[in-house]
Amino acid sequence: MPARKRVKKATAKKSARRTAAKKAGKKASRKGATSGIGQAPPGFFLINMIPQSLSGETGQDSEPHLTVNPANPNIIIGTAFSPNPGGGALGPVYKSLNGGATWVVAAIVPSQAGSALGTGDITTSFNRTGTKLYGGILRAGTGALTFLRTTVPAFPPMTILNPPGRPSADQPFTHATTVTSGVGAGQDRVYIGDNDFAAPGGKTQTIDQSLNAGVGPPTAFNSVRVEKRATVSQDGPQCRPVAHADGTVYAAFYGWRALTGSFPANTLVITSADVVVVRDDKWGTTGFVSLKEPPAPLGDGLAGVRVIKRVSFPFMRNGTAPTGQQRIGGTISIAVDPNNSNNVFLAFGAKALGSFLTIHVRRSTNRGVTWSNDLLSIPNATNAALAINSAGVVGLLYQQVTGTGAAQRWVTHFRRSGNGGVTWIVLVLATVPATTPVKTIDPYIGDYDHLVAVGPRFYGIFSTNNTPNMANFPNGVVYQRNANFTTHTLLNVNKSSPVAPSIDPFFFKL
Amino acid sequence: MPKQSKQTDEKANFVFKGTIKKVKSANMSEVPVSDRTAIVKVDEVIDGPPDLAGFLGQEITVELSSKRAVRAGQRMIFHTVGWIYGASVAVRSVREEPIKGSRAAKSATRVKRGADIPLASQGHFSDADLVVAGRVINVRIPPVSAQAGKRTARPSPITEHDPIWREAVIKISDVLKGEKTPGQVTVRFPDSSDVMFHGVPKFEPGQEGYFMLHRGEATKSTVGRAQKSKSADTYFALDAQDFQPFEK
């Protein structure tokens with residue numbers, strides 16, 4: 001056969017194979033759309049973040065958070081309730097310099113010498129230029145709300161920006177960015193949502209913000225009280241800020257209006273809470289009053305739209321068997337479209353019949369003024385985390401309890417939608433026993449996990465049972481710590497002594 | 001900028017005898033190599049956490065406490081804290097000392113009146129304000145103080161980090177440190193299983209052992225554990241090592 005014809009035939013064959021693969025992929029996608037198994041997109045990657053040198057660890061490394069360097073997505077920082085095994089006055093972060101392919105644990109977080117904890121609540125965020133990493137923690141030992149900063153890529157021990165920290169606050173949630181043009185160009189803006197029990201009048205939802213966080217310490221932070229309505233005496237712990245490059249800053253939180261029961265007795269129920277979204281159109285400089293309800297009778301005229309009113313959910317001291325050992329206390333996440341700050345997605349949790357917590361996802365296309373009905377409704381689930389990528393695709397990470405008794409499982413899902421939430425593609429990241437290991441601390445897997453988008457890619461982190469069994473990770477997984485996937489056994493540093501299963505943080509990207 | 005605490009003030013958590021294999025070097029790419037980093041073989045673990053015990057006989061990276069002249073083949077005792085954990089481990093040395101005549105090289109020492117407190121707890125012994133041997137005879141909710149009993153405009157915050165304080169009453173059989181008259185002592189502890197109180201001893205009636213106690217007061221923070229205070233009259237056990245059961 002002449003060479004030209006051979007090439008043509010080969011090209012035609014290749015094209016036919018590609019078409020067949022596409023068809024097969026679509027078929028698999030449709031078939032697996034409800035199972036979420038076996039159809040991870042190209043580039044999907046999931047890894048257990050525990051490094052090989054800590055193969056013997058059995059800690060409950062729960063409540064993970066993640067930030068990806070927007071200027072260099074190869075640099076990623078993760079956090080969880082992990083101690084510094086070698087002690088010292090610094091607690092650890094998880095660090096990757098190659099896009100998550102490998103991870104180390106590095107001690108850079110101000111802690112307390114000898115702490116078995118490492119750090120209390122911790123979240124971190126790179127600025128937009130990727131030159132600094134900011135953090136908000138409850139410091140080990142004192143519990144003081146502490147704001148941190150370090151430089152990239154050296155990551156020296158983090159500097160405390162508000163010495164000596166501040167008592168009586170909870171669950172700092174950090175979001176950092178950089179003004180790219182106009183007034184304040186080059187300044188780092190840092191927004192740390194927290195529940196500040198020292199706030200006057202029981203209106204505890206707070207955004208501690210710095211409009212120039214790259215200077216100091218001391219670095220100027222001011223507390224913006226975003227709760228404008230009467231509360232039961234406080235709000236819930238979750239306050240989630242997110243900023244757009246055009247200076248629009250959103251935040252979402254639960255406003256607690258009524259409760260019953262006892263927290264120490266593990267019977268507390270928030271019987272009435274509003275899911276509130278606030279907005280500031282000028283980097284937080286106008287007090288987050290840019291989004292207001294209409295006056296009566298349509299609303300109350302106050303800042304912050306109540307997306308839904310009077311939801312109810314348990315606020316548990318301890319996780320129980322029906323909740324997969326995880327304490328339940330609501331979940332909230334908000335994401336803004338990087339291409340259009342008018343578009344916002346919100347996820348929140350509320351109790352429903354037959355479900356200890358149902359995740360609802362809604363959307364606004366007019367800057368939070370009005371909201372859709374539920375685009376998703378997921379029962380017995382928590383740890384909702386939303387992100388929107390540069391193509392406008394919205395991603396949702398969450399963890400769901402299925403089954404009961406010995407058959408009970410924690411299933412970690414990632415869903416994505418390219419059509420505004422009309423249809424979703426499901427991916428199962430992990431499906432693990434919910435009764436093993438038995439918890440030693442609360443929270444079991446965490447009061448949150450996290451998802452971010454940089455460019456077209458999604459990056460996420462969650463904590464779950466680390467038994468090395470490929471059936472538990474149906475779309476694949478990589479382990480750094482020593483593990484035998486045939487005997488489903490973790491192995492110590494010596495690669496022979498078995499190690500009991502525990503809870504580890506897992507990183508994924510796609 | 002606030003002063004960072006000097007490295008020499010830190011308490012070492014991983015103490016070992018080691019042999020320097022290579023100076024100005026590291027065995028992990030993530031470690032910034034300098035004049036102070038060296039690859040060291042762990043010859044003997046003197047004291048350390050279980051997670052690092054597996055490095056006996058292995059080479060790790062040590063950042064020396066200061067620029068000092070060391071050479072390959074040199075043996076010394078390293079007092080270190082954890083730094084970077086990857087395929088291997090890198091630690092920061094708080095201080096180094098020669099092996100000969102080292103106190104750390106000796107086995108667990110006996111303390112007063114024949115009590116035998118493990119070496120791992122001896123640092124906690126020296127930090128404690130009161131060390132007793134005894135048995136927990138009761139656990140109760142702390143009595144409401146006159147101040148706390150007053151009605152306040154606002155109830156205590158509801159937070160997952162609420163310590164949920166309890167008191168353990170210890171019947172003292174021996175006083176090993178401090179000036180407490182033998183009898184009873186009350187220890188306050190968090191009954192919460194929240195992560196903020198991970199590792200803090202939680203007492204139950206019938207527990208017997210050594211109690212290394214610290215004067216302190218509940219922090220103003222609703223999530224804090226306790227703050228040491230020499231003037232306070234409440235005792236706390238702050239760390240897992242502050243309680244050592246009697247060896248059977």
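Residue numbers start from 1 in every chain, and the chains themselves are labelled A, B, ... in the order their sequence lines are given, proteins ahead of strands. Hydrogens, waters and symmetry mates play no part in the numbers below; they use all other heavy atoms, side chains included.
Of the atoms belonging to I164(B), it is side-chain heavy atoms, and not backbone ones, that fall under 4.5 Å from chain A. Looking at N84(A), the atoms closer than 4.5 Å to chain B (heavy atoms on both sides) sit in the backbone and in the side chain alike. Contact of D447(A) with chain B is made through the side chain alone, with heavy-atom distances under 4.5 Å. In this structure, the portion of P237(A) lying under 4.5 Å from any heavy atom of chain B is its side chain and not its backbone. Contact of I108(A) with chain B is not made at all, since no heavy-atom distance falls under 4.5 Å. With a 4.5 angstrom heavy-atom cutoff, L259(A) touches chain B only via side-chain atoms.
Side chain of T219(A) to main chain of V215(A): a donor-acceptor pair is present (N/O by atom type, distance under 3.5 Å, no hydrogens or angles).
Using bins of under 30°, 30° to 60° and over 60° for the plane-to-plane angle, the ring pair Y254(A)/F313(A) lands in the tilted bin. Using cut-offs of 30° and 60° for the angle between ring planes, the F243(B) and F211(B) rings count as tilted. Taking the six-membered ring where the residue is Trp, W165(B) and F236(B) present perpendicular rings, their angle passing 60° and hence far from 30°.
Most heavy-atom pairs under 4.5 Å with chain A, from the set D51(B), D194(B), I84(B), I158(B): that is I158(B). No other option in A87(B), G54(B), P50(B) has as many heavy-atom pairs under 4.5 Å with chain A as A87(B). Annotation: maximal heavy-atom pairing with chain B below 4.5 Å, among T440(A), V493(A), V105(A), I441(A), occurs at V105(A). Note on G86(B), A53(B), G57(B): by heavy-atom pairs under 4.5 Å with chain A, the leading option is G86(B). Interface summary for chain B: among F81(A), W103(A), W256(A), F315(A), the most heavy-atom pairs under 4.5 angstrom belong to F81(A). Counting heavy-atom pairs closer than 4.5 Å to chain B, the top residue among S497(A), P85(A), G329(A) is P85(A). If you tally non-hydrogen atom pairs under 4.5 Å between each of P110(A), A113(A), G87(A), P443(A) and chain B, the highest count goes to G87(A). For the options K439(A), R317(A), E63(A), heavy-atom pairs under 4.5 Å to chain B are most numerous at R317(A).
With sequence neighbours excluded, the residues forming a side chain to side chain donor-acceptor pair (under 3.5 Å) with D504(A) are N48(A), N466(A), R481(A), listed by chain and number.
The pair D196(A)-K203(A) does not meet the salt-bridge criterion, since no charged nitrogen lies less than 4.0 angstrom from a carboxylate oxygen. The pair K202(B)-D191(B) fails the salt-bridge criterion, with no side-chain N (NZ, NE, NH1 or NH2) lying under 4.0 Å from an Asp/Glu carboxylate O. Between E227(A) and R257(A), at least one side-chain nitrogen of the basic residue sits less than 4.0 Å from a carboxylate oxygen of the acidic one, meeting the salt-bridge criterion. For the pair E59(B) and K21(B), the salt-bridge criterion is not met [side-chain N within less than 4.0 Å of a carboxylate O].
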